[in-house]
Amino acid sequence: MTELSHLAQPGATIAIRVTPNARRAGVELIDGQIRIAVTETPEAGKATEAARAALAKAIGVAKTRLTLVRGATARDKLFRLD
């Protein structure tokens, strides 16, 4: 898993791209973009919650500190760190 602790600044917004139904879960930083692969399906927000948990673990904060700002049903999401 990619180490993203340098992003752990209160008030920071973090843009990610989520790939649901992946074979393997993981977090990668590719060309400056954070890509999170999750094994959950994109139904009822399961993939979004899995992405929130993976991002929180990569940053080193509690997942309750991440608030979804935009992209509840989209692959591109924007989280704010409170």
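Predicted model, so just to flag it, every value in this text is computed and none were measured.
To the nearest 0.5 Å, atom CD1 of residue I59 and atom CZ of residue F79 are 9.5 Å apart. Rounding to the nearest 0.5 Å gives a distance of 6.5 Å between CD of E49 and NZ of K63.
When the salt bridge (charged side-chain N to carboxylate O under 4.0 Å, His left out) test is applied to R80, the partners found at least two apart in sequence or on another chain are D82. Every side chain to side chain contact (heavy atoms under 4.5 Å, CB included) that Q33 has, sequence neighbours left out, goes to R17, R35, D76.
Across A8 and V61, no two heavy atoms sit closer than the pair CB-CG1, 4.2 Å. Here the closest heavy-atom approach between residue A47 and residue P42 is recorded as CB-CA, 4.0 Å. Closest non-hydrogen pair, K77 versus G71, comes out as NZ-O, 2.6 Å. In terms of heavy atoms, A22 sits closest to T39 at O-CG2, 3.4 Å.
Using a 4.5 Å cut-off on side-chain heavy atoms (C-beta onward), T48 and V18 make no contact. You'll find the side chain of T19 stays beyond 4.5 Å of the side chain of I36, heavy atoms only. Within the 4.5 Å cutoff, the side chain of I14 has no heavy atoms near those of the L4 side chain.
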Could you go through V27 and L55, starting from their C-alpha distance and side-chain angles, then the distance that decides it, and tell me whether this counts as side-chain contact (heavy atoms from CB on, under 4.5 Å)?
CA-CA 7 Å; V27 178; L55 180 61; 5.7 Å; no
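V69 shares a hydrophobic cluster with L78; the chain of contacts runs through ILVMFWY side chains whose heavy atoms sit under 4.5 Å apart.
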